[in-house]
Amino acid sequence: MKPYKKSLVLLIGLTMVFSLVLAACGSNNAANNAGDKSPANTTDNKSGEEIDWKTVKADIRFVYPGTSESEKLFAETFKDAMKEKYPNVNIEFMYLSWADMEKKISVMINTGDVPDIATTQDVTNFVQMDGLEDLAPFMERADSTVKKDDFLPGTLDYSTVDNGIYAVPATANAFNLMVNEKMLNDVGMKLEELQTWADVEKAAQLMTKDGKYGFGYPLGVARFAFRVPFTAGYSNDVLISDTSEGSKSKYIELLTHFKNLEAYQPKAHLTWGYPEMFRAYSNGEVGMIPAGTFFSSNVYSINPEIINVSRAIPYPKGPSGTKIQTPVANSGFGIYKGSKNKEVAWRLVQELLSPEFNSTQAAILNITAKKETSLEDVIKKAESVYPKAIDGHKRIIEDFMGLVASSGVPMDKIVGQPEMETIVQENMVKMLTGKSDPEETYAAIIKGVDQVKAKYAK
Amino acid sequence: MKETLSYRTLKYMSLLVLMVCTLFPFLWLVDTTFKSTEEMFASTPSWWIENFTLEHYTWALGEQGMNIGKLLTNSIIVCTLTALCTGLIACLSGYGLARFQVPGIKLVIILFVLAQMIQGPLIMIPWYELASTFSLLNTKTVLVLIYNTMTIPVGVWIMSGFFKTVPKELEEAAYMDGSTKLKTLFKIMVPMALPGLVSISLYSFILGWNDYQYSLILTNSLAAKTVQVGIAEVMESMGAANWGGILASGVIVILPIVIIFAFIQKLLIEGLTAGGIKG
Amino acid sequence: MTRKFIRLHGFGYLLLAPAVIYLVAFQFYPLFETIRLSLYDYSLIANKGMSFIGLDNYKFLITEDDKFWKIMWNSVVWVLGSTLFQFAVAIPAALILSAKLRSRGLWRGLMMVPWVAPVVIIGIVWKWIYDGHNGLANYYLSALNIIQENIVWLGDDFWVWPALLLTSVWKGFPYIALMLLSGLTGISKEMMEAAQVDGATAWQRFTRITLPLLKPIMYVTGMVAIVSSWTKFEMIWALTNGGPGFETSILPTYVYTNAFVYYDLGKGSAIATLSMVFVLLIVGIYAKLFGKEND
């Protein structure tokens with residue numbers, strides 16, 4: 001018994017020391033390997049020879065942060081269809097939430113072990129990390145089924161950084177104002193009357209009574225605390241990252257607008273994220289919320305009825321705005337730079353963008369980024385996703401299509417945005433709880449934003 | 001001794017208060033999982049369930065939904081292995097810490113404190129490198145390895161606390177009888193500190209059970225993914241999150257531990273009788 | 001000399017070896033990496049690689065960063081508050097559950113619920129409880145006429161810390177209670193009964209017998225509670241994200257935000273290293289204050 005135990009202890013100990021030594025030597029190798037392999041493979045198929053896709057073998061890791069039922073169904077349907085077409089290509093979906101995806105992928109890029117296909121929204125960070133492949137050369141190929149001018153205005157720009165295209169847009173995400181039309185009419189206003197910020201403030205004031213409120217701005221999460229004034233700023237010709245002296249008065253108007261709205265919001269909006277905001281809106285407790293094309297999917301499970309009384313309008317015009325503008329982003333697909341199967345990945349991305357799959361995806365997330373995908377298809381497919389509110393949903397899709405067409409501009413991509421988000425949130429909360437006025441808030445935000453800019457300008 | 005009536009009342013009243021405070025959020029969670037989604041998000045909170053439904057549980061258990069059975073199996077395997085590993089090492093080293101004041105022991109203590117501090121987001125990158133070098137990504141092994149780095153320091157420490165409560169005379173008597181040091185540890189000391197061993201094993205099990213960050217970074221396939229990651233990944237998608245199903249999964253995750261513990265806790269008491277202490 | 005040394009201490013070292021070697025093998029490299037990165041200007045998204053900057057990250061945090069000391073103070077409040085209140089709840093809980101009760105196993109099992117509840121899930125429930133608009137807390141407190149107006153628990157300067165600490169106590173006390181429970185089972189009934197025969201009151205029995213015998217366990221449990229509440233931030237993250245701004249941040253959330261939201265690994269590592277130094281300090285003080293009698 002005794003010698004046995006002793007040697008066991010020794011054995012455990014030795015193994016561990018050994019593994020430590022290995023670990024120290026091994027980690028460098030890993031990084032080198034990944035670096036070696038990728039460039040060699042990209043040149044493989046440039047010549048455009050005929051490839052027999054039936055025989056191509058590959059394991060594709062597809063990062064897919066769409067885990068709601070309809071999105072998962074989409075993924076599995078796609079996988080099955082591809083299995084038929086490319087019997088030797090194996091797709092493995094990595095289901096993740098959006099927030100976790102950013103974290104996990106940053107670790108993976110950092111260690112050189114990356115998946116193949118990316119689902120993207122804002123590509124800025126990943127491009128800065130040098131993690132995504134420029135798809136422009138792929139799109140320029142003669143046999144490419146995805147061309148640069150296939151897309152709705154604004155959408156492709158959102159994936160473009162210094163002439164490199166880092167994602168192919170699949171759906172367009174527009175950020176706007178959602179209005180409960182019934183509540184608005186009940187207080188004697190029409191949707192068409194919401195033209196300026198003053199109109200929004202007036203509507204919010206009228207709606208605020210009997211425990212109901214006019215407006216809901218989710219301040220509890222930095223990303224949303226930033227995104228709302230960011231969206232509204234477009235219609236006042238001011239970007240929230242714009243620290244120039246010339247924009248000062250427009251910036252202060254923007255801050256003042258939210259200060260004015262404060263009285264017409266439930267106090268709890270200080271701690272809200274999107275779920276709480278959508279909940280209050282769905283229950284008819286808040287009449288207007290700043291949201292986006294993802295609206296339907298978020299409110300549908302809480303109260304499908306709300307879709308039938310909701311309308312999507314661009315965020316109305318500010319006092320110094322020359323015209324109404326709606327920032328348009330996209331959700332799309334990219335290819336990781338370190339992928340060992342770029343050709344296969346590109347093939348699959350093209351398949352994802354085909355009318356069949358694109359319209360299915362758009363049916364879930366409202367509007368497609370591709371011109372050729374027919375609205376009828378999208379709406380028909382939406383019937384199975386939103387069966388209980390299909391009429392209202394149709395009208396909202398039309399609203400969105402209209403506002404993107406009439407006022408869509410590409411949304412700005414800001415390096416260091418996460419840091420700016422915290423700064424905006426902190427100072428917005430101070431202002432809205434009465435601890436500072438718009439002038440002071442402006443000064444504090446500008447100071448912080450300038451520091452962030454300086455950090456990345458070096 | 002006979003218990004007086006007032007003592008009994010006091011005892012059960014305090015138990016009631018304790019249980020109500022402890023379980024309130026959980027009961028609300030359970031209550032919610034039987035409501036329809038619309039009701040779940042109603043404006044006025046209510047315990048009353050208007051439309052009783054089991055659909056959320058069907059989703060949580062079903063293969064089309066959360067498929068939580070597979071995830072639970074992974075979690076249970078990983079956590080059990082972690083608990084066993086920690087239990088063994090903690091017995092050995094905890095005894096060392098409690099009874100053998102070797103030179104340099106202070107350093108060892110500092111190491112234990114530090115080891116506990118080297119946790120969380122920053123060690124993800126080095127650990128990912130390690131795991132990928134040894135082809136351990138996406139395996140249960142890597143989770144057991146990393147969980148042990150959290151549980152071993154605590155385990156050793158706590159076992160040393162329990163060993164210290166055992167009277168030295170017992171060991172001395174054993175040595176007199178000619179028992180070796182290692183035999184004394186396993187035959188005399190461990191049974192005496194069994195409640196401690198049970199509680200640190202449980203501690204290790206639950207620390208692993210509660211982990212989310214490590215499992216998120218180091219695993220992604222259904223072969224190794226744990227419940228925590230499974231639940232978290234469906235929470236923030238662009239499509240509609242199935243809140244009811246997510247919450248129901250939460251209830252399913254909590255229940256097995258409560259049941260396991262209700263049985264295991266007997267060891268906390270019976271350990272003593274086995275050790276044979278009287279007075 | 002060496003021979004004697006080995007005979008005297010050899011077995012002790014052998015016993016300590018597995019844990020020490022395991023930790024050195026698996027934690028040394030991460031520790032080394034953390035400290036190494038803290039000396040670099042290393043942002044994943046600044047697109048300019050790594051550059052060695054010596055102690056600049058530390059200098060910035062300690063002298064220039066106006067957030068750091070506030071966050072540091074938050075951490076101290078969080079750790080001391082969590083640990084003290086967890087003990088304050090766990091001691092009575094352990095005493096109740098060590099008494100003779102019907103279906104005691106069940107109650108003990110149920111006590112574990114908070115501890116095993118996944119934060120991602122239970123965070124949602126606590127958010128519902130604290131919601132300033134239609135949360136449970138406001139609903140019941142106003143039904144009982146305790147408050148007239150809804151309180152935004154997590155958005156209120158005064159209430160936010162008590163609210164966060166309550167969740168921390170709720171989540172953490174079962175572990176301490178479990179440890180104390182294991183300690184209590186070691187106290188022999190005969191001793192208690194003898195004391196009772198001698199006329200000791202329940203309070204005297206508690207302070208003179210129970211507490212002293214629990215001391216070694218309480219000492220280590222306290223240490224573990226301090227260190228683990230210093231590193232555990234999931235609950236704060238689920239409830240407030242450490243915000244607004246950095247109002248409710250503690251050091252681990254600050255590390256997290258810097259490393260994985262801002263992708264600034266250099267600064268994140270420096271905060272983590274400082275955080276380690278501080279916790280060693282706190283543990284050192286703790287050991288000085290309470291460790292003497294236990295060594």
Side-chain angles (χ1 to χ4, degrees), chain A residues 6 9-10 12-21 23-24 27 99 102-103 106-107 109-110 124-131 213 219-222 225 266-273 275-276 279-280 283 285-286 415-416 418-419 421-423 425-430 433 452 455-456 458, chain C residues 11 14-15 17-29 32-33 41 43-49 51 67 120 124 127-128 130-135 138 149-157 160 239-247 249 256-265 267:
Chain A
K6 257 192 181 167
V9 169
L10 259 172
I12 296 175
L14 279 175
T15 326
M16 283 159 186
V17 173
F18 184 62
S19 59
L20 171 71
V21 175
S27 61
E102 301 224 318
K103 183 166 49 176
S106 69
V107 171
I109 290 177
N110 205 257
T124 319
N125 284 343
F126 292 138
V127 171
Q128 290 290 115
M129 286 177 205
D130 198 22
Y213 298 89
L219 256 177
V221 176
K267 263 199 310 181
H269 85 102
L270 282 176
T271 59
W272 281 358
E276 292 87 357
R279 177 185 178 183
N283 288 329
E285 293 165 302
V286 164
V415 177
E419 269 135 301
E421 286 169 353
T422 321
I423 293 163
Q425 183 199 26
E426 182 184 3
N427 291 294
M428 272 290 185
V429 168
K430 266 192 196 150
T433 49
V452 176
K455 175 175 169 187
Y456 291 102
K458 270 186 279 181
Chain C
F11 189 67
L14 212 59
L15 286 173
V20 170
I21 293 172
Y22 191 98
L23 295 175
V24 169
F26 290 111
Q27 293 291 74
F28 179 77
Y29 180 52
F32 171 77
E33 271 294 288
D41 179 9
S43 155
L44 292 181
I45 55 170
N47 222 342
K48 55 180 183 214
S51 52
K67 309 279 185 302
V120 281
I124 299 176
K127 266 184 148 169
W128 283 348
Y130 284 143
D131 191 282
H133 190 55
N134 34 31
N138 282 326
E149 203 180 319
N150 278 353
I151 295 175
V152 188
W153 299 96
L154 296 173
D156 187 282
D157 288 342
V160 65
L239 291 178
T240 67
N241 273 216
F246 290 101
E247 274 313 297
S249 285
Y256 186 88
T257 308
N258 274 287
F260 280 111
V261 183
Y262 302 164
Y263 302 110
D264 190 335
L265 295 185
K267 198 171 156 200

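To find a chain, count down the sequence lines: A is the first, B the second, and so on, and within it residues start at 1.
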- Beyond-backbone contact of C:W153 with A:T271, side-chain heavy atoms, under 4.5 angstrom: no
- Item | A:Y456 and C:S43, any side-chain heavy atoms less than 4.5 Å apart | yes
- CD/A:E419 to OG1/C:T257 distance, rounded to the nearest 0.5 angstrom? 10.5 Å
- Query: For A:E421, is it the side chain, the backbone, both or neither that has a heavy atom under 4.5 Å from a heavy atom of chain C?
  - Reply: neither
- Item | Check: C:F260 and A:E102 side chains under 4.5 Å, non-hydrogen atoms | no
- Task: Sort A:N427 into side chain, backbone, both or neither according to what part of it lies under 4.5 angstrom from a heavy atom of chain C.
- Result: neither
- Query: Is the closest side-chain heavy-atom distance between A:E285 and C:N134 below 4.5 Å?
  - Reply: yes
- Please test C:H133 against A:W272 for side chain to side chain contact (heavy atoms under 4.5 Å, CB included), starting from the C-alpha separation and ending with a verdict. CA-CA 10 Å; C:H133 190 55; A:W272 281 358; 4.0 Å; yes
- Please check if any side-chain donor atom of C:Y256 sits under 3.5 Å from a side-chain acceptor atom of A:K103, or the reverse. yes
- Proximal component of C:E149, with respect to chain A [non-hydrogen, under 4.5 Å]: side chain
- Output, in order, the C-alpha distance, side-chain angles, deciding distance and verdict of side chain to side chain contact (heavy atoms under 4.5 Å, CB included) for C:Y262 and A:T422. CA-CA 10 Å; C:Y262 302 164; A:T422 321; 2.5 Å; yes
- Query: Quick one: does A:Q128's side chain get under 4.5 Å of C:L44's, heavy atoms only?
  - Reply: no
- Note on the structure: Smallest heavy-atom separation, C:G132 atom then A:A268 atom, equals C-CB, 3.5 Å
- Task: For the pair A:Q425 (side chain) and C:G245 (backbone), establish whether a donor and an acceptor sit closer than 3.5 Å, ignoring hydrogens and angles.
- Result: yes
- Query: Measuring from C:D156:CG to A:L270:CG, what's the distance to the nearest 0.5 Å?
  - Reply: 9.5 Å
- Could you check A:E426 against C:K67 for side chain to side chain contact (heavy atoms under 4.5 Å, CB included), going step by step and ending with a plain yes or no? CA-CA 12 Å; A:E426 182 184 3; C:K67 309 279 185 302; 3.7 Å; yes
- Using non-hydrogen atoms only, which part of C:D157 is less than 4.5 Å away from chain A: side chain, backbone, both, or neither? side chain
- Item | Steps toward side chain to side chain contact (heavy atoms under 4.5 Å, CB included) verdict (C:W128, A:R279) | CA-CA 11 Å; C:W128 283 348; A:R279 177 185 178 183; 3.4 Å; yes
- Task: Compare all side-chain heavy atoms of A:V429 with those of C:E247 and state whether any distance is below 4.5 angstrom.
- Result: no
- Is it the backbone or the side chain of A:N125 that comes under 4.5 Å from a heavy atom of chain C, or both, or neither? both
- Between atom OH of C:Y263 and atom CG of A:N110, what is the distance when rounded to the nearest 0.5 Å? 11.5 Å
